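Written out below as structure tokens is the structure these notes cover.
Worth knowing before you read on, the calculation uses all heavy atoms, side chains too, and leaves out hydrogens, waters and symmetry mates. All values reported here derive from a predicted model rather than from experimental measurement. Naming convention: chains lettered A, B, ... in sequence-line order (proteins, then strands); numbering from 1 in each chain.
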Protein chains: 2
Amino acid sequence: MNLVTEQAVTSSDKTFFHLRKDIVDGNIRAGSKLSETELANRYAVSRAVVREAINRLVTCHLVERKANIGARIVALSPAGLVSLYQVRESLEGMAARLAATNMTDKEIADLNALLDSHLQTVKSGETYYQEAGDVDFHYRIILGSKNDHLISMLVEGIYHLIRMYRVQLGMAGPRVTTAFDEHKSIVQAISNRDAELAEMLMRRHILYTRNSLEKKLLEDAC
Amino acid sequence: MNLVTEQAVTSSDKTFFHLRKDIVDGNIRAGSKLSETELANRYAVSRAVVREAINRLVTCHLVERKANIGARIVALSPAGLVSLYQVRESLEGMAARLAATNMTDKEIADLNALLDSHLQTVKSGETYYQEAGDVDFHYRIILGSKNDHLISMLVEGIYHLIRMYRVQLGMAGPRVTTAFDEHKSIVQAISNRDAELAEMLMRRHILYTRNSLEKKLLEDAC
DNA sequence: AATAGCTATATTGTCGACAAAATGAGGTAA
DNA sequence: TTACCTCATTTTGTCGACAATATAGCTATT
């Protein structure tokens with residue numbers, strides 16, 4: 001599959017994308033069970049198609065399946081957040097390091113343009129919500145690493161679970177502008193082809209995000 | 001699924017394990033196509049079972065599938081090796097760091113015992129071939145990290161692809177005893193609870209292994 | 001002879017039905 | 001009341017058949 005523009009060619013693809021969006025956005029609540037027959041009816045496809053879609057959700061770490069029992073959407077927990085963000089810090093830090101070396105000048109220019117467009121959003125006081133895919137800052141840097149295995153592990157692996165935390169816990173307040181500034185300095189490091197700094201800034205940025213989300217998660221629990 | 005002792009409960013599990021072994025060991029040659037009907041006949045199961053097994057092999061990065069065309073076993077290439085080992089270095093380095101903190105004293109003792117038993121093998125001049133699973137040094141340290149996402153990405157993700165390179169390219173000569181010594185010093189660092197050193201030694205160890213495999217891969221190509 | 005288009009064949013994608021396993025309700029015994 | 005067993009129901013696992021797509025071989029035309 002083309003990682004940049006994932007396109008639904010098969011019926012199972014459509015079901016997978018649809019389900020994934022519903023899960024990430026919280027339309028189906030975290031922790032709930034996925035019934036194969038029910039989903040087959042809802043999407044008007046066969047159970048085989050639903051089963052395949054669910055298996056792909058398991059690969060994304062969005063769903064857990066037990067043999068002969070069924071599949072449930074993962075629950076958002078502090079422990080899960082910590083272990084996820086430890087891995088994320090390592091992998092995206094590496095992505096930033098590689099991107100500083102491997103992105104083309106044009107890609108870097110486009111990335112700067114993207115940030116400028118984000119700046120408009122931030123100034124207008126909106127929530128700096130990051131859409132999935134190509135409009136997402138982190139997504140661009142991941143692809144910029146040019147390392148196929150890294151891209152696959154992040155994009156097909158944990159990217160959407162990360163988004164799920166981000167979307168469902170929300171992100172607002174002072175963190176928004178701070179995050180934007182951090183993005184800006186990461187791109188600056190990449191523009192300077194300073195791989196080491198890019199990695200360090202990215203790791204810090206992800207750590208701050210994690211702290212912010214952890215706080216949110218503990219507040220919500222009360 | 002229990003990551004430590006993966007157990008085949010369903011027919012699809014058995015097929016998956018069997019196929020995975022055949023691929024890693026090279027019984028089915030790298031790069032060749034997987035025919036669903038043929039495999040269904042060979043293993044005496046339905047195509048649905050085979051399809052599910054193949055999808056799981058895709059998750060392991062052992063197989064690539066294109067819609068309406070089919071699935072092929074990945075080819076072993078220098079580029080693939082490099083990108084794989086970049087990721088591996090980062091993730092297993094992290095695993096070693098976390099293991100230095102999170103492994104219990106008993107687990108560390110067991111790990112030392114395991115290395116002693118490996119020493120017998122090395123002394124007797126055998127190839128220090130690492131079996132899959134619990135007898136594997138790296139496997140133990142991965143589990144010792146106690147980070148669920150990390151464990152999942154490594155064990156269900158790239159572990160068996162790494163083994164595939166190791167098994168099919170072979171490993172012999174002076175690298176064998178060198179690798180053993182490196183293992184030994186990593187365990188030493190973990191015993192001392194020196195997380196930083198454990199990570200650095202693991203990263204170096206993986207880098208050396210990569211260099212050795214790269215050389216082998218280029219030789220074989222001639 | 002080379003290429004384009006067509007047809008027959010083979011392969012993957014999807015479906016509905018049946019088999020096997022888990023769940024839950026109801027009843028019985030301690 | 002509680003624990004355990006039984007049986008009906010629900011849900012998942014597996015299967016064979018059909019539909020849709022790709023592949024390969026053949027023919028015709030330049």
With respect to the side chain of [X], which nucleotide from [options] is positioned closest?
{"X": "A/N68", "options": "C/dT12, D/dT12, C/dT14", "value": "D/dT12"}
{"X": "A/A67", "options": "D/dC15, D/dG13, D/dT21", "value": "D/dG13"}
{"X": "B/V49", "options": "D/dT14, D/dT12, C/dT14", "value": "D/dT14"}
{"X": "A/V45", "options": "D/dT14, C/dC15, C/dT12", "value": "C/dC15"}
{"X": "A/R47", "options": "D/dC15, D/dG13, C/dT14", "value": "D/dG13"}
{"X": "A/I69", "options": "D/dT12, C/dT23, D/dA22", "value": "C/dT23"}

Tell me whether the side-chain N/O atoms of [X] come closer than 4.0 Å to OP1 or OP2 in [N].
{"X": "A/R51", "N": "D/dT12", "answer": "no"}
{"X": "A/T10", "N": "C/dT12", "answer": "no"}
{"X": "A/K33", "N": "D/dT12", "answer": "yes"}
{"X": "B/S46", "N": "D/dT14", "answer": "no"}

Going by an N to O cut-off under 4.0 Å, is there a salt bridge joining [X] and [Y]?
{"X": "B/R210", "Y": "B/E214", "answer": "yes"}
{"X": "A/R203", "Y": "A/E199", "answer": "yes"}
{"X": "A/K33", "Y": "A/E38", "answer": "no"}

B/I54 near the nucleic acid: base, sugar-phosphate alone, or nothing, with a heavy-atom cut-off under 4.0 Å?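 Nothing: the residue B/I54, judged by heavy atoms under 4.0 Å, touches no strand.
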Determine whether the aromatic ring centres of residues A/H61 and A/H160 are separated by less than 6.0 angstrom.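 Ring-ring flag for A/H160/A/H61: false, centres at least 6.0 Å apart.
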Tell me: CD of A/E36 to P of C/dA17, nearest whole Å?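 Going from CD in A/E36 over to P in C/dA17 covers 17 Å.
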